[in-house]
Chemist: 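Following this message is one structure expressed as structure tokens.
Letters A, B, ... are given to chains in the order of the sequence lines, protein chains preceding strands, and every chain is numbered from 1.
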Amino acid sequence: MKPSEDPSDDATDPRAGASIDEFVPDRPDDATDGAADSATAVRSDGGTVDADSPFETTASVAETRTDRVDRFFEEYIRTPWSILRTDWRALAAFAILGTYILIATVGVYLIEPTESAHGPQLLGVFETWEFPLGTTSSGKDVLALAVHSTPSILVMMASGAVFTVVIGSFFGVVAGYKGGMVDTVLSTITDVFINIPGLPLVIVLAMLLEEWINNPVALGVLLAVAAWAGLARSIRSQVLTIRSESFIEAARAMDLPTRWILLREIIPHLLPYIVVNMMNAARRVIFAAVALYFLGVLPFSDANWGVMLNNAYNAGALYRTSAIHWLLVPMIAITGIAIGLILLAQSLDQVFNPRIRARHQDLGDDDQIEPDSETDTKDMMNV
Amino acid sequence: MDWKIRRFGQGLFTVWAVVSLTFFITRMMPGNPVDAFVAQIGPELENPQEAYELAETYMNINPEAPLHVAYRDYMISMVQGDLGRSMSQNAEVTELMAEAVPWTLFVMSWAIAISFVVGISLGAIMAYWEGSTFDTAVTGYATTVTSIPFYVLALLLLMVFGYQLGWFPTGGRQPSGVEAGFNLPFMLGMIHHAALPVFSMLVASGAASLTMRGNSVRILGEDYLRVARLRGLADRTIAVRYVARNAILPMYTGLMIAIGTMFGGAVVLEEIYTYRGMGYYMIQAVRMRDYPLMMGAFTVITIAVVIALLIADLTYGKIDPRAGGENREAF
């Protein structure tokens, strides 16, 4: 808590809201002061409510704009940064994902796209400076193929992850909170989708919707169709445990609209869980997308790791040692980005862990919360 | 008991919903198989009207019938076990599937069983020796393994153990030149052919072991465990009945979702190992634009998952007495 919110000093502070009564002359006919006067009136049980009634106390110090901005920075920028800076997993994750983003934005301009007969056939790795990762059997530069696949993969990953999380959270939160008929209907839909195996469903849909699946965003959304149900179910069970907490009950007693309770009370509470799951969803979307391209069931126009795998597989890279690099490069690319996403999920888990947060937060001297040992935080993660 | 019946009804409902979904996809979606089929076959026939009749033979859907009649006929033929006729294999889809299903079930049930057992045991051992070198090493291993897609592992295994070392066959599902049946060489050959596909699915054990480790560590710190030790219960009892049971329960949903994911993964796995199961036929069908076989394989894979999850759910009641009987107020 910031000092400005400390309730203990309002009794001595002349600006405290309750004590203003002393300076206001009694005017029983004044309608606006009538409410304040009734506070000092004799109660039905014979006692009087003294001026320090907790219901009439207001903050002693008005929170200024700077305070709010400062608190925002403390909560969303400084504390997370302070935690992430000391966590090697976060640094590794930022380095890995940053490299991929750099490749997708800058790399595509530095490395020219390749075409057939660009170089000699099936050149090995690190044999010439012109083709550091070798060439394919049709003489394409493997490095250029891998680099030029990155942007579309990243876009696909982002759209798939966001869509999964939005649909999954919506179904999970609404079903868990509302209960009753709404829950039955939404849970049934979720259950049906859990029972449909994802990859075959996506293959069938991709084949029928071939004309629509021509950009990475659409493909990401399609892949999310098969991925949201598991998230929805686990979020629902999380909501079930917090829907009867007292702060939700209080919000309901205040007759706040359901939308407010869901968006302002429940979702922020589940945010850590949702963000960590978003990283896992991103990983699964990439795996599924590359699998579909590898199977050759998706139409493709540009370079893609899955297409590279497929071409290498069909060119016999499994038994031709001269073509192995063609197969290994996309494999390493997929595994690398997945490691980055997992490490990020693990370190974000630390950011959201209240005990670790407490250690990094600027709290003033007295209220240090007992810090927790670092080792058992990775148990919270959920892969 | 009541809960079991309800759960069974839910399974039936899911199958109905999926079959209805396949009808919707086959008949009504943009670019749907029936229209594509008619457009593909029609011009080659002398009498284009025949295309509609052929559509009914192959896909159980008469494109000219009104929607509700077509839906009723489709459902009736589904209940009778008629999934239509494959164009590329020139055989009944039901027959093809009946022959392929056992192989997929064989590989997938072993894959699921082994990866769960390995994952849960590793997680339990890691939790027991928390903070040791073993723990750190296996945590690192599990994180790495989780970031490898199973098909990448499948390709690597095939490359190393199939082609380079030659220890395992590179494709197929049964030994050649051995009479099929319950004889030892055939059974061993079957296991030999299934080994690589099963081990490719081991990547699923990574995530399971990390979750198991986390759950176990949390439970090891609970007060009731200290009480159990004070009561002088045997270590075995504590490990199995107190720790393992309570650590596995929260993983159940995740494991069930993993079952669906792994069955879906059969599509890629069987294609890589040319293992002629349901998934292999499905990919062949997609390649050949053989819509009846594709939809049939999709339906059968889904029903297999529904049944697997039903079994998993019903046995859940055995280990968690709290299962079922939810009665909550609605807001």
Chemist: List for me each residue that meets side chain to side chain contact (heavy atoms under 4.5 Å, CB included) alongside B/Pro149, sequence neighbours excluded, and say none if there are none.
Modeler: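 Partners of B/Pro149 under the side chain to side chain contact (heavy atoms under 4.5 Å, CB included) test: A/Phe287, A/Ile334, A/Thr335, B/Tyr151, B/Val152.
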Chemist: Looking at B/Glu271, B/Met282, B/Met262, which makes the most heavy-atom pairs under 4.5 Å with chain A?
Modeler: B/Met282
Chemist: With a 4.5 angstrom heavy-atom cut-off, could you sort out which part of B/Met295 is near chain A: side chain, backbone, both or neither?
Modeler: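 Answer is side chain: those atoms of B/Met295 sit under 4.5 Å from chain A.
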Chemist: Is chain B contacted by the side chain of A/Leu292, its backbone, both, or neither, given a heavy-atom distance below 4.5 Å?
Modeler: neither
Chemist: Can you say whether A/Val182 sits under 4.5 Å from chain B via the side chain, the backbone, both, or neither, judging by heavy atoms?
Modeler: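 When you check distances to chain B, no heavy atom of A/Val182 falls under 4.5 Å.
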Chemist: Pick one of side chain, backbone, both or neither for A/Ile337, based on which atoms fall under 4.5 Å of a heavy atom in chain B.
Modeler: neither
Chemist: Write out, in numerical order, the residues from residues 299-308 of chain B with a heavy atom short of 4.5 Å from a heavy atom in chain A.
Modeler: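 Residues of residues 299-308 of chain B touching chain A at under 4.5 Å: B/Ile301, B/Thr302, B/Val305, B/Val306.
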Chemist: Side chain, backbone, both or neither: which part of A/Ile196 has an atom under 4.5 Å from a heavy atom of chain B?
Modeler: both
Chemist: Which residue pairs pass the side chain to side chain donor-acceptor pair (under 3.5 Å) test with at least one member in residues 185-209 of chain A, sequence neighbours excluded?
Modeler: A/Asp183-A/Ser187, A/Ser187-A/Arg236, A/Asp191-A/Arg233, A/Asp191-B/Gln10
Chemist: Could you tell me which portion of B/Leu155 (side chain, backbone, both or neither) has an atom closer than 4.5 angstrom to a non-hydrogen atom of chain A?
Modeler: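 Looking at B/Leu155, backbone and side chain both touch chain A.
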Chemist: Can you name the nearest heavy-atom pair linking B/Gly264 to A/Leu199, along with the distance?
Modeler: O-CB, 3.7 Å
Chemist: Given that the side chain runs from C-beta out, which part of B/Ile272 has a heavy atom under 4.5 Å from chain A: side chain, backbone, both or neither?
Modeler: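 Both backbone and side chain.
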Chemist: Which atoms of B/Ile283 are under 4.5 Å from chain A, going by heavy atoms: the side chain, the backbone, both sets, or neither?
Modeler: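 Side chain only.
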Chemist: Let me check something: any side-chain donor-acceptor pairs from residues 159-169 of chain B under 3.5 Å, sequence neighbours excluded? List them with distances.
Modeler:
none

